[in-house]
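Data block below; observations after.
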Amino acid sequence: MVDGDVYDHLVIGAGPAGLQLARHLQEAGNRYTVLEAGEAPGTFFATFPRHRTLISINKPHTGTDDPELNLRMDWNSILSDDPGLLFTRYTERYFPSADVLRQYLADFAAASDLSVHYDTRVVRVERTEADGPFVVTAQDGSVRRAAVVIVATGVSKPYIPQISGIEHAEQYATMATDPADFTDQRVLILGKGNSAFETADNLIEKAAVIHVAGPDGVKLAWKTHYVGHLRAVNNNFLDTYQLKSQNGILDGEVLDISPQPGGGFLVRFSFARADEVVKELYYDRILCCTGFRVDPEPFVGDCVPALAIKDRFAELTPAFESVNVPGLYFAGTLMQQREFKKATTGFIHGFRYTVRALSRILAQRGADHVAWPQRNVEATPEALAAAVIERVNRSSALWQQFSVMADVILLPAGDQARYFEEVPVGYALDGGLATEADDPLIVVTLEYGPDHDKVDRFDVTVRRTAQDDPETAHDAAYLHPVVRVYRDGKILAEHHLAENLENHWDGEASHRAPLVAFFEKAATL
């Protein structure tokens with residue numbers, strides 16, 4: 001196609017989400033294109049993380065040759081039916097380099113022969129006529145039109161907190177990364193996520209004093225099960241704090257930053273949970289590592305999306321469409337607005353499934369109204385239980401996108417149930433599968449228990465009492481299958497399968513028989 005032509009779908013951004021969606025659109029025969037600001041895929045990863053080690057795990061050696069199970073331990077691969085396009089073929093490092101990911105993305109795009117225009121930065125997205133196509137203008141002046149635009153740029157702009165004097169802080173994107181540059185200095189790091197602690201770990205050997213500060217307490221990923229919280233690979237700094245090695249973690253708010261005549265800065269800090277104590281602290285350097293946000297600048301007029309979560313994300317419907325701009329969708333890490341810090345949607349191993357779901361949503365809403373992939377299952381309790389157990393024992397989508405991605409079963413009046421795989425829970429409950437309001441939906445997810453972050457997971461007695469016990473399954477804290485029956489968006493019945501150390505739920509007495517009994521009850525609801 002040439003400048004000015006109209007596409008079915010135009011994708012902005014050729015990171016992992018843009019490439020994932022492009023492959024699905026291409027396989028479906030859509031007229032589409034991808035516009036990428038950089039000279040190659042994955043421009044974000046050319047800079048971030050600054051210290052070049054990813055927190056997404058890579059495990060080629062799992063003891064199984066089942067490709068679906070292997071995706072549970074492979075957090076970087078984009079979905080495809082080509083085993084040659086797996087990230088695990090590129091390195092055996094458990095926490096790989098961002099540079100390896102960039103090479104993988106470039107190879108994936110080339111091998112898939114995707115329609116990507118590089119060095120094409122989008123500067124304007126608008127509609128010049130009511131109900132007309134989007135008009136997308138690039139920095140080079142070229143113009144393209146599309147019925148649907150999907151933003152897959154990621155959170156491409158730094159999120160900078162509203163603090164008086166914040167302009168004196170060095171930004172994560174441009175700060176020095178050589179520890180020697182901080183020798184004998186007092187350093188304040190704003191933020192308590194992985195970028196902040198990655199930076200702190202890097203400076204331990206050279207900086208005199210390091211304080212990591214933010215309004216909330218430190219949240220550990222192994223405890224909360226949100227992989228965006230502090231990961232063990234970045235938490236060496238915690239030892240230096242607790243063992244009194246001149247470093248500290250400050251809970252509270254920075255009130256203001258004041259440069260001093262002789263150099264350095266005075267920071268007024270209000271400590272949380274300390275009777276509103278305010279102290280002035282001196283630092284030589286201040287580093288702002290407070291995360292990222294969406295870039296809304298290219299959108300003009302009626303195409304400006306409503307924002308949410310401190311204006312860091314576009315606000316989305318259950319179909320990942322802007323709540324106020326019809327036809328404007330968001331893919332990749334921007335999808336996490338729906339379940340912010342509750343699932344893995346902010347990361348490749350989560351959003352690859354949600355992007356695949358988006359491709360199916362777009363197919364449903366397209367001119368051909370393609371139905372969501374489904375299969376028939378005999379509508380007996382035994383057959384339904386067998387289908388569910390087979391899926392929860394193997395599915396990577398339900399495993400990675402716990403609590404937000406589901407298999408859905410529609411019970412019939414006859415002898416065949418319809419089984420839909422990998423449907424976003426919100427989309428299913430919002431009528432996305434074109435079911436009637438009074439149709440009962442059986443929704444199957446993998447979930448942690450509601451008190452999972454309050455249980456000592458290293459206490460073996462906790463796990464021992466929960467293992468394979470159907471009587472206490474509803475109290476399980478670890479990841480386990482949950483089956484719910486909904487009608488008109490309301491839960492009619494709920495069943496938990498007991499925890500299992502090996503994550504294999506096929507015990508006859510502990511898993512299968514109780515699930516069969518639940519389906520017998522569900523048939524009468």
Partner set under side chain to side chain contact (heavy atoms under 4.5 Å, CB included) for Ala306, not counting sequence neighbours: Glu315, Val323, Asn324
Under the side chain to side chain contact (heavy atoms under 4.5 Å, CB included) test, residues paired with Asn393 that sit two or more places apart: Ile389, His504, Trp505, Asp506
Any Leu188 side-chain heavy atom under 4.5 Å of Arg285 side chain: no
Tell me if a side-chain donor or acceptor on [X] pairs with a main-chain N or O of [Y] at a distance below 3.5 Å.
X      : Y      : result
Lys192 : Leu250 : yes
Asp295 : Val155 : no
Asn234 : Ser195 : no
Asn58  : Phe95  : no
Thr290 : Tyr159 : yes

Greater than 12 external heavy atoms within 6.0 Å of Asp65's CG: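 Open.
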What side-chain donor-acceptor pairs closer than 3.5 Å can you find for residues 74-83, not counting sequence neighbours?
residue	atom	partner	partner atom	Å
Asp74	OD1	Asn76	N	3.1
Asp74	OD1	Ser77	N	3.2
Asp74	OD1	Ser77	OG	3.3
Asp74	OD2	Ser77	OG	2.5
Trp75	NE1	Arg72	O	3.3
Asn76	OD1	Ser56	OG	2.6
Asn76	ND2	Ile57	O	3.2
Ser77	OG	Phe87	N	2.7
Ser80	OG	Asp82	N	3.2
Ser80	OG	Asp82	O	3.4
Asp81	OD1	Arg23	NH2	3.2
Asp82	OD1	Gly84	N	2.8

Flag the pair [X] and [Y] as a salt bridge only when some basic side-chain nitrogen lies within less than 4.0 angstrom of an acidic carboxylate oxygen.
X      : Y      : answer
Asp284 : Arg186 : no
Arg268 : Glu280 : no
Asp99  : Arg52  : yes

Centre-to-centre under 6.0 Å for [X] and [Y], is that the case here?
X      : Y      : value
Tyr282 : Phe265 : no
Phe271 : Phe269 : yes
Phe320 : Tyr329 : no
Phe48  : Tyr172 : yes

Residues 160-167 side chain polar contacts: donor-acceptor under 3.5 Å, at least two apart:
none

Atom pairs and distances, donor-acceptor, side-chain atoms in residues 202-215, under 3.5 Å, two or more places apart:
residue	atom	partner	partner atom	Å
Asn202	ND2	His51	NE2	3.2
Asn202	ND2	Thr177	O	2.9
His211	ND1	Tyr283	OH	2.7

My understanding is that only one of [options] makes a side chain to side chain donor-acceptor pair (under 3.5 Å) with [X]; could you say which?
X      : options                : answer
Thr43  : Arg121, Glu36, Arg102  : Glu36
Arg356 : Gln20, Glu422, His24   : Glu422
His480 : His511, His474, His496 : His496

Set of residues satisfying salt bridge (charged side-chain N to carboxylate O under 4.0 Å, His left out) with respect to Asp430, sequence neighbours excluded: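 Salt bridge (charged side-chain N to carboxylate O under 4.0 Å, His left out) list for Asp430, sorted by chain: empty.
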His225 and Tyr448 aromatic ring geometry - parallel, tilted or perpendicular at 30°/60° bounds: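 Answer is parallel, since the angle falls under 30°.
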